[in-house]
Amino acid sequence: MICGIVAITNEVELLKKCNLIDWKETARINGGEIIELSGETENKGLRFKIIQNKEGEEYAIIRGSLHKEAHGVNSTRFTFHDLCKVIHTMKLQYGINPHTTFLRSFEIQINLFLMFPVSGIIDRCLIHKKVPFSHFSKTDIHFGKIAVHDRYALKFYDKGVEINKNVLRYGIAVLKMEQLKEYSIKTLTDLLDSSKVVLLVQELLMAAKDVIFWDENANTVNLNIRDLERWYQLGKTSYWENVNHKKAEKARKSLKRLSNKLNLSDYNTHLEKWIKYEWKQLFTSSELKAIEPILKMEHLAKGTNAHLYKGCKRPPNKCSIASGDVKTIIQVDNINTLTREPVNEVRFCASCGRDISMQRKGSTYCSAKFVGEEKAKWCRNKARNRKIIQ
């Protein structure tokens with residue numbers, strides 16, 4: 001669910017008068033006019049800073065954990081109902097208007113309650129795409145790891161230490177709101193819209209599939225020399241940083257083959273299942289209807305990751321139904337996902353799932369006219385590569 005936030009608002013009068021915030025002045029102009037105030041709530045979930053700009057206008061920066069503000073800790077389950085409740089409470093108690101409070105960044109995080117110590121998973125996090133994981137703490141290397149990209153950061157860390165349970169905290173810290181542009185989430189009010197928030201599970205799932213897990217303590221005694229060399233090659237972040245996309249796909253297959261030989265857990269598959277299960281606990285059944293295709297489909301045709309495409313209302317590509325009944329038809333946005341027959345002229349790119357209804361009839365992939373030559377070429381190449389694989 002949504003946890004840490006950084007938000008900004010220019011409605012500060014009620015905030016300054018709120019006696020539930022412990023205010024302290026932190027800056028003055030030559031000892032005169034106060035130009036900066038800082039404060040925090042009793043639960044210490046939120047921190048505030050009121051600053052004047054050059055024109056003398058005041059604005060407030062709000063930072064902190066909505067989860068902690070609501071429950072006092074953030075190692076428990078935090079539902080969508082809890083999220084709505086704490087945002088409404090912030091308005092009543094502190095005078096924070098959700099309509100005029102704009103998000104600058106926030107975290108999509110989920111607590112996964114496991115039956116075994118989470119350090120085993122954290123220790124095996126090697127690299128995400130081309131960004132190596134680094135330790136949260138130099139003194140406690142088992143606490144957590146983070147991979148920082150330009151627009152977001154991927155985190156794995158141990159939240160169970162606070163409550164003496166096995167709780168893996170997994171999430172994405174959105175550093176630039178451009179990362180979530182297609183979700184139209186701009187203010188705190190948007191976080192009250194279940195139809196927007198429920199879709200964010202796609203970000204967690206897509207990021208999870210690109211994590212490379214590698215076990216340096218694996219028992220490799222039964223590997224031959226060639227496999228042993230390959231195993232240790234795949235355990236170097238420098239290798240993954242320098243391979244192109246085609247070689248990376250082959251490397252992932254090699255890693256999976258060797259992991260199976262070594263009887264190692266497939267954490268990518270497990271992580272996907274854990275995320276889907278826990279996400280379903282955070283919403284009501286009616287709120288989950290928008291993402292039923294994502295939560296139900298687990299087995300895909302070779303060479304596709306259609307169920308992880310952003311915008312779950314787009315039709316998956318050559319999917320198999322989780323129930324095993326291949327005759328089952330799932331209707332999504334007037335598209336028969338089994339027969340791929342369009343209804344009411346709604347059409348989607350067969351590679352990326354983007355809506356291409358505005359393009360000429362008969363077009364299968366994104367057109368350079370609408371998405372640019374680079375994106376259109378990517379869609380065509382992906383389809384061609386899929387055919388080669390199959």
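Residues take their numbers from the sequence shown, with the count starting at 1.
Between Phe80 and Phe283, the two ring planes are parallel [angle under 30°; tilted spans 30° to 60°]. Note: Phe116 and Tyr267 have tilted aromatic rings, judged against thresholds of 30 and 60 degrees for the angle between ring planes. Between Phe156 and Tyr170, the ring planes lie tilted relative to each other; the angle falls in the 30° to 60° range. The aromatic rings of Phe143 and Tyr157 sit tilted, their planes meeting at an angle between 30° and 60°.
More than 12 heavy-atom neighbours from other residues, nucleotides or ligands sit within 6.0 angstrom of CG on Asn260. In the displayed structure, Ile225 atom CD1 is contacted under 6.0 Å by at most 12 heavy atoms of other residues, nucleotides or ligands. The number of heavy-atom neighbours closer than 6.0 Å to OH of Tyr59, taken from other residues, nucleotides and ligands shown, is above 12. The environment of CD in Glu178 is sparse: at most 12 heavy-atom neighbours from other residues, nucleotides or ligands sit within 6.0 Å. Environment of NZ in Lys196: crowded, with over 12 heavy atoms of neighbouring residues, nucleotides or ligands closer than 6.0 Å. Within a 6.0 Å radius of CZ in Arg63, other residues, nucleotides and ligands contribute 12 heavy atoms or fewer.
Residues Trp240 and Ala248 approach most closely at CZ3-O, 3.9 Å, considering heavy atoms. Across Asn74 and Cys3, no two heavy atoms sit closer than the pair ND2-SG, 4.1 Å. Here the shortest heavy-atom pairing between Leu175 and Val148 reads CD1-CG1, 4.2 Å. Residues Asn166 and Met115 approach most closely at ND2-C, 3.7 Å, considering heavy atoms. Minimum heavy-atom separation, Thr101 to Ala7: CG2-CB, 3.6 Å.
Under the 4.0 Å criterion applied to side-chain N and carboxylate O atoms, Glu58 and Lys16 are assigned as salt-bridge partners. Look at Glu272 and Lys276 and you find a salt bridge, because one of the NZ, NE, NH1 or NH2 atoms lies within 4.0 Å of a carboxylate O, short of that distance. Residues Glu373 and Arg380 are paired through a salt bridge, judged by an N-O separation under 4.0 Å between the basic side chain and the carboxylate. At a threshold of 4.0 Å, the pair Glu107-Lys155 counts as salt-bridged, since one of the basic side-chain nitrogens sits closer than that to a carboxylate oxygen. The pair Arg124-Glu216 does not count as a salt bridge, with every side-chain nitrogen at least 4.0 angstrom from each carboxylate oxygen. Looking at Lys261 and Asp227, a side-chain N of the basic residue comes within less than 4.0 Å of a carboxylate O on the acidic one, giving a salt bridge.
Leu204 and Ile127 fall into different hydrophobic clusters, where Ile, Leu, Val, Met, Phe, Trp and Tyr side chains are chained together by heavy-atom contacts under 4.5 Å. Side-chain heavy atoms closer than 4.5 Å link hydrophobic residues (I, L, V, M, F, W, Y) into clusters, and following such links, possibly through other members, connects Leu234 to Tyr232.
Using modelled atom types, one side-chain atom of Thr9 and one backbone atom of Glu11 make a donor-acceptor pair closer than 3.5 Å. Not one N or O on the side chain of Lys159 forms a donor-acceptor pair closer than 3.5 Å with the backbone of Ser75.
Partner Leu112 forms a side chain to side chain contact (heavy atoms under 4.5 Å, CB included) with one of Ile121, Val167, Leu271 and no other, that one being Leu271. Of the options His71, Gln281, Glu278, a side-chain hydrogen bond (donor to acceptor under 3.5 Å, both in side chains) to Arg77 is made by Glu278 and by none of the others.
One distance of note links CD1 of Ile172 with NE2 of His149; it measures 9.0 Å at 0.5 Å rounding.
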